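Inspection log for the structure reproduced underneath, given as structure tokens.
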Amino acid sequence: MTPIRKIQTVAAAAVVVLAAAPLAAQNLDNVQIKTVPVTDGVYMLTGQGGNIGLSIGKDGAFLIDDQYAPLTEKIVNAVTALTDEPIRFLVNTHWHGDHTGGNENMGTSGVIIVAHENVRERMSTTQFIEAFQMTAAASPEAALPVITFTDALTFHYNDDVLHVFHVEHAHTDGDAIIHFREANVFHMGDTFFNGMYPFIDVSSGGTIDGMIEAADKVLKLTNRKTKIIPGHGPLGTVKDLRKYRDMLELVRDRIRPMMLAGKYRDAVIAAKPTRDLDKKWGRGFMKPDKWVGIVFDGMMNTVKHPRPDRVPVPGG
Ligand SMILES: [Zn+2]
């Protein structure tokens, strides 16, 4: 029996539920998995939670992220509709439950789970995401990645070279980006929210500088035909990624000087530094005030925040 046929849905206790939409697993009964063709043998699967990447071919199915545990059966059905080969590998782009919720089901059925070492570490213990005041329980053994890496690793698989590399302190401290070198496709996990303000998990070591660097790293490896699977949002182009990257930089370069001038968090949010961008980018689940607060929080880790009473007053 192949692993794919042995998959059974494990008790819902395994679900690591994040508290805010679209991170939250609500009622998933009506969720349908849609298959979006990316290029020959490469697909994006959408349902609820982070976008899934899929490579199929003679070596087997290769998954990137797995949404929530109750969706495993539907995800597996979507894969079997495309190939008779079993799912052999699963790469997690980071530890969040909307990307790793199916891990226990996959691990139990014999799929080899691979991720950055900080993903295994965070999934092994209780996590607290301050931005949503949300606790995520430690995952059971079967859900944990069995192969971990620090900088990068490469799969020679399905006649492609799948280069998996870490980007530091971006969405979290354990992000992986997957580059299908032959297919000219990337899966950027949550370092890329296509068309909307992203969530940056500051409690897990994320920063806006890291997000910008991640986008720059990918952009250097692209050409105009490259396709990019984002963690959330529709399948993206290089143009989409460039616009998103420039938005991130603009927001950072507005907020950083306010911070260096000694403005407090509340005052920065009240100043609405992203007002002109909100109509385009603030319609996703990260609302503008929350977004500004998160960018500020992330920079607190990287920028010295002088005390307001020490900031020289002009002419004073
Ligand atoms: Zn995430």
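Nothing here was measured: the structure is a model prediction, and the numbers come from that model.
- Taking the six-membered ring for Trp and thresholds of 30 and 60 degrees, His232 and Phe285 have ring planes inclined between 30 and 60 degrees apart.
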Derivation of the ring-ring contact (aromatic ring centres under 6.0 Å, His included) call for Phe192 and Tyr244: CA-CA 8 Å; Phe192 184 28; Tyr244 164 84; 5.0 Å; yes
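- Interatomic distance, CG of Asn118 versus CG of Asp175, reported as 9.5 Å (0.5 Å rounding).
- The aromatic rings of Phe62 and Phe180 sit perpendicular to each other, their planes meeting at more than 60°, with 30° as the lower class boundary.
- For the pair Val36 and Tyr43, the minimum side-chain heavy-atom distance is 4.5 Å or more.
- With respect to Asp159 and Lys58, a salt bridge is recorded, a charged nitrogen being found less than 4.0 Å from a carboxylate O.
- Arg254 and Asp276 are joined by a salt bridge, as a carboxylate oxygen and a charged side-chain nitrogen come within less than 4.0 angstrom of each other.
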Trace of the ring-ring contact (aromatic ring centres under 6.0 Å, His included) decision for Phe155 with Phe89: CA-CA 10 Å; Phe155 291 85; Phe89 292 103; 5.1 Å; yes
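- Ring pair His171/His96 is perpendicular by interplanar angle, where above 60° counts as perpendicular and below 30° as parallel.
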His166 vs Phe149, ring-ring contact (aromatic ring centres under 6.0 Å, His included): CA-CA, chis, key distance, verdict: CA-CA 9 Å; His166 174 54; Phe149 65 95; 7.2 Å; no
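- Under the 3.5 Å distance criterion, the side-chain polar atoms of Thr39 are left unmatched by any main-chain donor or acceptor of Val42.
- Closest non-hydrogen pair, Pro198 versus Met286, comes out as O-CG, 3.4 Å.
- No donor-acceptor pair under 3.5 Å is formed between the side chain of Asn92 and the backbone N or O of Trp95.
- With salt bridges taken as basic N to acidic carboxylate O contacts below 4.0 Å, none links Arg88 and Asp59.
- Residues Met188 and Leu241 meet the side-chain proximity criterion, which asks for heavy atoms closer than 4.5 Å.
- From Ile112, atom CD1 reaches atom CD1 of Ile87 across 12.5 Å, with rounding to the nearest 0.5 Å.
- Between the CG atom of Leu63 and the NE2 atom of His187 there is a distance of 9.5 Å, given to the nearest 0.5 Å.
- A salt bridge is absent between Asp297 and Lys290; no separation between the charged side-chain nitrogens and carboxylate oxygens falls under 4.0 Å.
- Between Asp278 and Lys287 there is no salt bridge, since none of the side-chain N atoms of the basic residue sits less than 4.0 Å from a carboxylate O of the acidic one.
- Between Glu249 and Arg245 there is a salt bridge, since a side-chain N of the basic residue sits under 4.0 Å from a carboxylate O of the acidic one.
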